[in-house]
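Have a look at the structure below before the remarks.
All residue numbers refer to positions in the sequence shown, counting from 1. Order of listing sets the numbers, starting from 1, for every ligand and every atom in it. Note that these values count all heavy atoms, side chains included, but never hydrogens, waters or copies made by symmetry.
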Amino acid sequence: MNHLKTLLPILVLGAFVVMCHDAAAASAKITVHADQPGLAVPTTLHGLFFEDINYGADGGLYAELVQNRSFEDREPLYAWQEAAPGEAQGRLTVESESPLNTNNLHFLRLEVVRPGEGGYGAVNAGFDGIVLRAGDDYLFSVYARRRAGDSVALRVVLEDDRGRVLASTNFTGLGPDWKKFEANLASSASVTNARLVVLATQTGVVDVDMVSLFPKKTFRGRRNGLRADLAQALADLKPGFFRFPGGCIVEGLDFANMYRWKDTIGDVAERKQNWNVWQNSRSPEYNQTYGLGFFEYFQFCEDIGAEPVPVINCGMCCQARKGPPVPLDQIGPYVQDALDLVEFANGPTNSVWGARRAALGHPAPFNLKFLAVGNEQWQQVYFDRYDVFYRALKAKYPELNIISSSGPFPSDSLWRFAWNKFRTGTPAEVVDEHYYVAPRWLFENVNRYDSYDRHGPKIFVGEFAAHDGGPRRNNLRAALAEAAYMTGLWKNADEVLMASYAPLFGKVGHDQWHPNLIWFDNSRVELTPSYFAQAQFAQNRPEVVLPVDIEAPNTPEHHAGMIGVGAWNTRVEYKDIRVTGPDRQVRYASDFSRGLDGWKTAGGDWTVVDGALRQNAIGENIRAVVGDPAWTNYTLTLKARKLGGSEGFLVLFQTPDIDHPVWWNLGGWKNTEHSLQGGGLVENQVRGSIETNRWYDIRIELQDGSVKAYLDGKLIHEADRKPVSTFYAAAGRDQRVGELVLQLVNPFAEAMSVTVNLAGAGHLSPTARIITLTNPDPDAENSLAQPGVVAPRQGVFNGIAPQFTCALEPYSLTTLRIPQN
Ligand code: AHR
């Protein structure tokens, strides 16, 4: 059964009938030029980006249930504990003499002094408990050996957290050399908190390594396979491509931490484990077993019909983490890795790497067409290396499409540097652009690709997501901004080749990043509103997009908002805060003699000291706001002083509410850069820092869409905010089934009456299929406990005609599929 579908509270087709009416408060009109040929839509337009972040691989998509199975974690006994039931006594140590192989250097030694009745050994609770389902089979395997002269047997038990045995097996025949033992364990009960216990049952010494437990029911039943429900959630999106393995993880922090694909293939016991660059204080033992490696990746792509889009390390560590590049005269092995990867994917079985692929069970080529050189790299240091890779790859594989990075932001100086390269002769078939931005940015930039040069490289939006406000929630508001933006991707289907939301997975309680497309724990899956928006576009991707004329009003006061101040790990104070209108009329002048003077705060420790508003706590994302959300066209002036901490000032303007700050960040990034951030603003970081114990003069001038930000009288940032439409649409023709497809996005609070003119569409069925993603609350989110708060509703829409009107609910994405006959 398709597990995903059980999660969706979809109404039975036909039970939900949408009527045409025009009782809505706002209105829009679209004309779909259905008589025109339209633009061919690449089959790759909507796809997936996978990275092992937020426990996306081990503990996530990779179905292995044992954590630290090979004792190669930096804390070698991590996730293991002693199991000494009853009278049993012994010692657990991690040893390394005569290891399993040169990539797997450590193993667990069980030294049994007294076996008692049950034996002595070790217990592993997986990744926060092992999920077992009654009657399901689990494949246990282990490498083991005994000390010469000892006679020792192994007992393996699956038990729940109260010690109830759910399955067990015994192994005899251990010898002095490493030998693999396997058994099938059928669980007698369904539990989410099981443990795996490995016991030596006689006095003596036993070594064990690669202690592994897999459900038999992996995706497509593959050995060393993927967790079925998570993989199915990906397959259900009908992705046109699958980008892998990252992300920053490709780059790594240092040379040893770089992702090298050859470490990830072959017998899992021989894969060289690495630590995960996303390790942090909350997840200090986050590691990569590489169990989900490049062979499993290519196979999964084939299973779900997605083009593989691998990202290769280009001889550079993560620039965002200040990692070093490999000296240019030493990048040969990295270039060779890239060439060998293409051969591994596509080479004949008599080539070195084609033969490796065949030996792994896949003689047929994987038909690789794309390769990304580096992840999020920038500046000349990148292009020096990119050029070498490009030349070598194209010399051997002229048909390969090479993807170049353009840096981490959508239009900053790093992005301009890259595009200047492409305009002046640096070749690339595809350019990868990344943007994690406020919803507003997506609305303002829906037409981004209208003006891209059709003779230049194609676009891969390799990572994008709406980050709504400080808390960056996976809410409907973010999903609708992404949906609006995707109408722009459809419109530019001749330029945009691929797009993928990022990141893909987040394990609840183990995330380093949010929002993510899919949340999960060990047994449950939560599909986010963004997932459903992606699904609505990907599952309804037409063969051609049709030109659409849209007449809709812009949102009023799109550059309105309150003012405020804040801090990020810094103690600061602010005074003489004034807001003046264009007529020099004072709208606000701070007077802290009355205490906080009507300011609203979020986080921090705010007091008034000597007439200044002081923030004394060290913490992130601390804010205080005042004023009227309807304020437009004003100048904000204030004085600011840093008292201590690691960054500088946050000065808020055009802020609709305290949870959606728009700010000038002075001394951000550990006091190295300034940038405008939030709202629809494009981040453009410039070098700069803030000194302690010095008063600065700050002025921000807002006039219509223009923003000018001055520090001590010097203009540092200038930006233009574009108007935001109240309504977005795209249309296409699904020729396989003879249907017109309409995507209609009403992202705001008012219902919308849309008049649709299907110019030249020919004969239309009066009845269409309708899918609606909506909720009255734009902050609505799903959760593991309540996965259906925001979920698509399906129904029928009566009243299709060459011109018809339909009412769109507030905060909604609507897909109409209209049969043409
Ligand atoms: O998706 C999370 C991270 O964002 C990726 O690793 C990186 O490419 C980007 O900075």
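For C248, a nitrogen or oxygen atom sits less than 3.5 Å from a nitrogen or oxygen atom of ligand 1, counting backbone and side chain alike. For ligand 1, the polar-atom distance check finds an N/O of E463 within less than 3.5 Å of one of the ligand's N/O atoms.
Of the protein's non-hydrogen atoms, E51 OE1, 2.6 Å is the one closest to atom 6 (O) of ligand 1. Distance from atom 2 (C) of ligand 1 to its nearest protein heavy atom, with residue and atom name: Y436 OH, 3.5 Å. In terms of protein heavy-atom proximity, atom 10 (O) of ligand 1 is nearest to E376 OE1, 2.7 Å.
If you number the atoms of ligand 1 from 1 as listed, the ones under 4.0 Å from a heavy atom of G247 come out as 5 (C), 6 (O), 8 (O). Numbered from 1 in the order shown, with element, the atoms of ligand 1 that lie under 4.0 Å from a heavy atom of W278 read 3 (C), 6 (O). Those atoms of ligand 1 with a heavy atom of F49 less than 4.0 angstrom away are 1 (O). Which parts of ligand 1 touch N375 is read off a 4.0 Å heavy-atom cut-off, strictly below it: atoms 7 (C), 8 (O).
Taking the ring axis of Y334 as reference, the NZ or CZ atom of R260 stays within 45° of it and closer than 6.0 Å to the ring centre. Judged by the 6.0 Å distance and 45° axis criteria, R472 is positioned over the aromatic ring of W513. Geometric assessment of R321 against the ring of W278 yields a positive cation-pi assignment under the 6.0 Å and 45° thresholds.
Ionic pairing of K262 and D340 is present here: one or more N-O contacts between side-chain nitrogen and carboxylate oxygen are shorter than 4.0 angstrom. A salt bridge between E429 and K458 is absent, with no side-chain N of the basic residue lying under 4.0 Å from a carboxylate O of the acidic one.
Assignment of P408 to the shell around ligand 1 is not supported, since no heavy atom sits closer than 4.0 Å.
Neither the backbone nor the side chain of I249 has a heavy atom within less than 4.0 Å of ligand 1.
Under a cut-off of 6.0 angstrom, the local environment of NZ in K394 is crowded, with over 12 non-hydrogen atoms contributed by other residues, nucleotides or ligands.
Under the side-chain contact (heavy atoms from CB on, under 4.5 Å) rule, F244 has a single partner from L292, L504, L48, V309, which is L292.
Annotation: Y485 is not in aromatic contact with F443 [ring centroid separation under 6.0 Å not met].
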